Every structure is written in structure tokens, then in C-alpha cells.
Chemist: 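First, the structure itself, so that you have it in front of you.
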2 protein chains.
Amino acid sequence: MAKQAERRAATSEAILTAARRLFGTQGFAATTMDEIAEAARIAKGAVYHHFKTKEAVFEAVFDQVSRDLVVEIDGAARAEKDVLAAMVAGTQHYFAATAKGPTGQIILRDGPAVLGWERWREIDARHFGGKLPRALSAAMDAGLIARQPVEPLARLLLGAVTEAAVACAGRADIARAGAEYARAFKSLIEALRARA
Amino acid sequence: MAKQAERRAATSEAILTAARRLFGTQGFAATTMDEIAEAARIAKGAVYHHFKTKEAVFEAVFDQVSRDLVVEIDGAARAEKDVLAAMVAGTQHYFAATAKGPTGQIILRDGPAVLGWERWREIDARHFGGKLPRALSAAMDAGLIARQPVEPLARLLLGAVTEAAVACAGRADIARAGAEYARAFKSLIEALRARA
DNA sequence: GTATTTACCGACTAACAGTCGGTTTATCCT
DNA sequence: AGGATAAACCGACTGTTAGTCGGTAAATAC
């Protein structure tokens, strides 16, 4: 590989690593660009050479965290057989992962605020969010739930899940809370199950 | 009334009015305290005499907008007879009110971001959010839906509604989108209806 | 081996939240 | 009344931080 590209990639990664840690622990607003530069062992000017603004750094971090999260969730969902059961399992995992610490801070708290709702939704749809519509479609095809417009229902459910995740994040007894919400979500899904 | 109190109230209101307009149109981050002071026709120091921080100003505005919103929604919900139907109607109204412009900006975008999730939840529960658990409880008492833990279910539904409202806000054809989501929400509620 | 493009540096600027000593206006007390 | 106290208001000032800019070092192109 060309030396220049290596150098660029290494610096970029150093910035991202530093920023991810700082954003995750302190939050977006409380983290300064000087801090990031210092943690990445470069000058501030270099950071701006790689990212146009502080928000751009956050977006890159956000994207990375999202990707990691999706991989984790996919693993949990694949184990289930029924599409609806997979949805429930994936959701439960989503709770667990986002509820605590850095991931939750980046994805649930700062994410929408920093990126703006539009952009957040867009990125989220590319990762986690896109899975729900697909699962619902499959469930309808399989006759598990009544046929109806997919997109609106998917968005409602995504909102429900996100809200629950955030609610979990703010509680001391995460495990108990997560289980509670998972049960409620399951009951919602089960209610949708077409009546025989 | 004592003159001092009048003066205080008048200035406070001037600040709130100015801030509400500016926050609503430009958003929290893009609005400066100097702007607010200028629009309220007072010096910046006076604003800080009434509110400790910029966030405090926002919180007061948020509270005011929330109160107005609840009144509006209550009117729409009261017309319905069935508790579930009232929930659907109230929700539909919530979409319409928050979807466009200032209200949505303050309640849905900046609200959680500025106040932080904990505080947002707290205030929201005092206003709109508190209605959902009560409605669900009533629905269970009336045997309209199966008895189950109220709080988690309420939170899921609140999340769903909020998400839908935000989704509506970002679309050109608000009316159509709102109707779409209202239909999806109704189908969700109807699914919960206890099977006879 | 010279020219050009790319990565990096760090002092500087602009903008903004919040402060503080001072001034004006109302209220209290005798 | 009128002097003392307190509350409302003023606006210049400070500290912090995102973003800039002219310049240097390292790599690549010719």
C-alpha cells in the first residue's frame, strides 16, 4: 500500500478511536476538539484536515458504533426460528447493548441531538432501522400478522424500541428494566399475531 | 398588584415570548442570549437576572409549549367515547400539532437534547406523557385490553407516537403522512383490544 | 532533482455563555 | 416625608472553544 494512504488511515483511526472514547464517556458537548487532538497525539489542525467539523467527527464515530451494534444484534436474532421471535430477541439485545455506557450515550442521547433527526433517521435506517421493515414484511408473507402498510408500522415499532432502550439506560436495575420492556414489546408483537 | 411584581412578570413574559419565537424558528443552538435580550428589548444582564442559564430559559419555554399542547389535545380526546378511541384521536392531534414548525422544533428536536433524557421524561410525564398510562389503566379496568404492567407498555406506545410525530414533521405531505401513521397506530391499539 | 500535492502544525480569530460592579426603580420603616 | 434596603436592570468584560490560516515537513509526480 502507498505510504501516504497508510499514514492517512492511521491518523484517521487514531482520531476516531480517541473521539469514540471521549464522546462515549463525557458526551458530545463536554468533549472539545483540543481534547480529541491531544488524545490522538496530533495537533488540532490535523483533525480539521481529516474532518470538516466536530459534527463530522461525531458522525463518523456514530457510524462505527452503529455498525458494531448491528453485527452484535444480528448474531442474537439469527438464532431464533420464527421471524417474530427473532424480532423480539434482536430487540432485547438492542436494549442490553445500548442501555449501558458509551454506546447508549452515542447512539441514543447525542445521536439525534447532534446529527439532527433527519440525518439520524437516515443513518439509523441504513443500519439497525432497516431490519424492522424487512422482518415485518417477512412476517406478513408468512401470515404471522395481518397484511398492512409496512413502513408506518415499522416506524412505530422502532420508536417504541428506541424509547424503551433509552428508558432502560436511565435506570439502575438495567437487567430488570430490560426484561420488563422486552416482555411488554413481546406482548405488543403477540397482539399483532393474526388471530387464527 | 404590587408594581415590582408586575414589572417582573412583564419582563419575564417578554423574555419567554421572544425566546419561544426564536427557539421555535431557529432552534436552540442557533439562538443566542444576546438575540433573546434584544428581541425582548432588555439587556442581557436582565435575562440572567430572571433565568440562571440558557437552558433554564429553554426549559421555561418548553414547559409553556407543552401546556398549550396538552390543552389542545385534551379537547380533541374528550369528544370521543371509548377510551381507546380517545387515545387514537388525541394521538392524531398530537401529530398534527407537533408535525409542523415551532412546536415540533421545541418539543421533539431540541427538547430531549437540551434538557437531557431524564429531565425531559420528567416534564413530559407531567404533561402529555402522563395521560397515556392513565388511559391504559382505564382501558384495562374497562376490559378493553388485557391486564398487564402499565408503565412499560405506556412507554413503548409513547415512543411510537413520538417517533411517528417526528417522522411526520420531516415530510412535505404532512396531512397524508399523519393519517397514515394514525391508521397504523390505530391498528396497533386495535390489536391490543382483548379478544372477545 | 525539482515541482506539486498531501499531511500536519499551532498561534490566532470570532462568537458566545456567563459574570460583575454599578445604576435606576420600587418598597419598607420610622 | 425621606432615608435605608432590596429588587430590577444595565452593558462592558472574561473565559472557553469551534474553526481558520499561513507555514513547514513529508511523500509523490515528472
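Basis for what follows: all heavy atoms, side chains included, without hydrogens, waters or symmetry-related copies. All chains are named by letter (A, B, ...) in the order of the sequence lines, taking the proteins before the strands, and each is independently numbered beginning at 1. On a predicted model such as this, the values are computed, not experimentally measured, just so you know.
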Chemist: Roughly, in whole Å, what's the span from CZ in Phe58(A) to P in dA18(D)?
Modeler: 14 Å
Chemist: Distance-only check: which donor-acceptor pairs under 3.5 Å involve side-chain atoms of residues 7-19 of chain A, not counting sequence neighbours?
Modeler:
residue	atom	partner	partner atom	Å
Thr11(A)	OG1	Arg7(A)	O	3.1
Thr17(A)	OG1	Glu13(A)	O	2.8

Chemist: If only side-chain N and O atoms count, and only distance matters, is there a donor-acceptor pair under 3.5 Å linking Glu163(A) with Tyr181(A)?
Modeler: no
Chemist: May I have the distance from Glu38(B) (atom CD) to dC9(D) (atom P), rounded to whole angstrom?
Modeler: 17 Å
Chemist: In B/S/- notation, 5' to 3', how is nucleotides 2-17 of chain C contacted by protein heavy atoms closer than 4.0 Å?
Modeler: ----SBSBB-----SB
Chemist: Between Phe62(B) and Asp110(B), does a side-chain contact (heavy atoms from CB on, under 4.5 Å) hold up when you go through it step by step?
Modeler: CA-CA 9 Å; Phe62(B) 184 90; Asp110(B) 289 333; over 6 Å; no
Chemist: Between dT19(C) atom P and Phe51(B) atom CZ, what is the distance in whole Å?
Modeler: 16 Å
Chemist: Between Phe58(B) and Ile106(B), is a side-chain contact (heavy atoms from CB on, under 4.5 Å) present by the stated rule, with each step listed?
Modeler: CA-CA 9 Å; Phe58(B) 181 84; Ile106(B) 292 168; 4.2 Å; yes
Chemist: Just to verify, which of Ile36(A), Val114(A), Val65(A) counts as forming a side-chain contact (heavy atoms from CB on, under 4.5 Å) with Phe23(A)?
Modeler: Ile36(A)
